[in-house]
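Contents: one structure, followed by commentary.
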Amino acid sequence: MLFSEHNFIQKNRQAGSIEVICGSMFSGKTEELIRRMKRAQFAKLPIEIFKPAIDIRYADQAIVSHDSNSIPSTSIPNSSAILLLSAETKVVGIDEAQFFDDELPHVCVQLANKGVRVIVAGLDMDYKGLPFGPIPALMAMAEHVTKVHAVCVRCGAPATYSHRIAASENRILLGEKDSYEPRCRACYFGLSDKPINC
Ligand SMILES: Nc1ncnc2c1ncn2[C@@H]1O[C@H](COP(=O)(O)OP(=O)(O)O)[C@@H](O)[C@H]1O
Ligand SMILES: Cc1cn([C@H]2C[C@H](O)[C@@H](COP(=O)(O)O)O2)c(=O)[nH]c1=O
Ligand SMILES: [Zn+2]
């Protein structure tokens, strides 16, 4: 084997990767993140899972899916804390990533370049259907992007939008079924004949 070829393989062995799991609310992002992280645990790899401190739903020290699956996590105030807290880690999971600051893509690139497998889950769109926080940039920089779908509560089609039923117009409004419902394109934009009670 040529020296340059050997060097190339060695370098690539050290490289990690970025995976993004995105979609609407109730689409299974957290479940998919938990599944991937538990598989890494079975492989005896050191893992760390982070979520933004702002997300105080369900539990402080765990990520919890709408189906009550959970795995321990650390709540952090900003994305730079991930670098400080994941020194010996081989697999880093990040949930509710839409709430993190714009430095998150840079943090993920630094980790991946150090050989870490980074798995990020978050909403790709806010309730207005607009790209949400650092997720679009992460989707562009990731090796793998998985878009998962909920079931539209109006018609049963695959849902890609998170329709807000609560009155607030703030971009950030923590909530569950009391405040949001997953909808397909036709039901979100009112394109179908079926009447939609908003
Ligand atoms: N309309 C819906 N479509 C799909 N799943 C739903 C719906 N409503 C509730 N769920 C539940 O939500 C779970 C997914 O939860 P979770 O992984 O926390 O989603 P996300 O993180 O994308 O909000 C599903 O397995 C299902 O039990
Ligand atoms: C669409 C939308 C959502 N949120 C909040 C509501 C929930 O607390 C989380 C999303 O949780 P999930 O795990 O994806 O179900 O985000 C928000 O603040 N603003 C929005 O526009
Ligand atoms: Zn629909």
Side-chain angles (χ1 to χ4, degrees), residues 19-40 49-79 93-102 104 119-136 138-139 142 144-198:
E19 297 162 36
V20 172
I21 305 163
C22 63
S24 72
M25 289 182 68
F26 307 99
S27 59
K29 302 181 299 296
T30 301
E31 280 182 356
E32 180 59 18
L33 175 62
I34 292 172
R35 189 184 74 83
R36 292 185 195 183
M37 296 309 294
K38 285 192 173 164
R39 284 176 64 83
I49 303 172
F50 300 100
K51 68 176 185 177
I54 183 181
D55 185 27
I56 47 167
R57 296 175 306 159
Y58 296 130
D60 184 27
Q61 286 167 21
I63 60 168
V64 183
S65 79
H66 293 297
D67 240 4
S68 304
N69 292 324
S70 69
I71 190 167
S73 69
T74 305
S75 293
I76 50 170
N78 51 50
S79 63
I94 304 167
D95 201 15
E96 304 295 346
Q98 74 276 359
F99 292 139
F100 276 113
D101 48 274
D102 290 343
L104 183 63
I119 312 173
V120 186
L123 290 170
D124 44 7
M125 289 186 280
D126 66 11
Y127 76 101
K128 289 182 172 170
L130 299 174
F132 208 160
I135 299 291
L138 277 162
M139 289 167 76
H144 306 282
V145 177
T146 307
K147 189 148 178 166
V148 282
H149 303 96
V151 175
C152 174
V153 297
R154 300 275 150 174
C155 73
T160 43
Y161 291 91
S162 307
H163 173 71
R164 186 179 281 177
I165 49 179
S168 167
E169 288 189 11
N170 293 338
R171 188 175 215 198
I172 296 182
L173 174 72
L174 301 185
E176 304 296 324
K177 288 190 172 166
D178 53 323
S179 310
Y180 296 94
E181 53 184 42
R183 288 188 181 181
C184 70
R185 176 181 296 281
C187 293
Y188 179 80
F189 287 103
L191 306 175
S192 69
D193 296 340
K194 232 170 111 186
I196 294 171
N197 314 313
C198 290

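Computed from a prediction, not measured in an experiment: that's the story for all the values here. Values below: all heavy atoms of this structure, side chains included; hydrogens, waters and symmetry mates excluded. For ligands, and for the atoms within them, numbers begin at 1 and follow the listed sequence. Throughout, numbering of the chain's residues begins at 1 and tracks the sequence.
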Any idea which part of Pro182 is under 4.0 Å from ligand 1, heavy-atom wise: side chain, backbone, both or neither?
side chain
Any idea how many protein N, O or S atoms are nearer than 2.8 Å to the Zn ion (ligand 3)?
4
Suppose we measure from atom 6 (C) of ligand 1 to each protein heavy atom; which comes out shortest, and what is that distance?
Phe26 O, 3.7 Å
Contacts table for residues 168-179: side-chain donor-acceptor under 3.5 angstrom, sequence neighbours left out:
unit_1, atom_1, unit_2, atom_2, d
Ser168, OG, Asn170, N, 3.0
Arg171, NE, Asp126, OD2, 2.9
Arg171, NH2, Asp126, OD2, 3.2
Arg171, NH2, Pro131, O, 2.6
Glu176, OE1, Tyr58, OH, 3.0
Glu176, OE1, His66, ND1, 2.8
Glu176, OE2, Arg57, NE, 3.4
Glu176, OE2, Arg57, NH1, 2.5
Asp178, OD1, Glu176, N, 2.8

shortest atom 19 (O) of ligand 1-to-protein heavy-atom contact is with Gly28 N, 3.1 Å
Please say whether Thr30 places an N or O atom under 3.5 Å from an N or O atom belonging to ligand 1.
yes
Counting non-hydrogen protein atoms only, what is the nearest one to atom 1 (N) of ligand 1? Give residue, atom name and distance.
Val151 O, 2.9 Å
The protein heavy atom nearest to atom 13 (C) of ligand 1 is Glu31 OE2, 3.8 Å
Using a strict cut-off of under 4.0 Å between a residue heavy atom and any atom of ligand 2, list the qualifying protein residues by chain and number.
Met25, Lys29, Arg57, His66, Glu96, Gln98, Phe99, Leu123, Asp126, Tyr127, Phe132, Ser162, Arg164, Arg171, Ile172, Leu173, Leu174, Gly175, Tyr180
Could you identify the single nearest non-hydrogen protein atom to atom 8 (N) of ligand 1 and state the distance to 0.1 Å?
Lys177 NZ, 3.2 Å
Side-chain polar contacts of residues 25-37 - donor-acceptor pairs under 3.5 angstrom, sequence neighbours left out - could you list them?
unit_1, atom_1, unit_2, atom_2, d
Ser27, OG, Ser24, O, 2.6
Lys29, NZ, Ser24, O, 2.7
Thr30, OG1, Asp95, OD2, 3.1
Glu32, OE1, Arg35, NE, 3.1
Glu32, OE2, Arg35, NH2, 2.9
Glu32, OE2, Arg36, NE, 2.7
Glu32, OE2, Arg36, NH2, 3.2
Arg36, NH1, Glu19, OE1, 3.0
Arg36, NH2, Thr146, OG1, 3.1

Ignoring hydrogens, just give me the one of Glu32, Arg183, His66 whose non-hydrogen atom is nearest atom 16 (P) of ligand 1.
His66
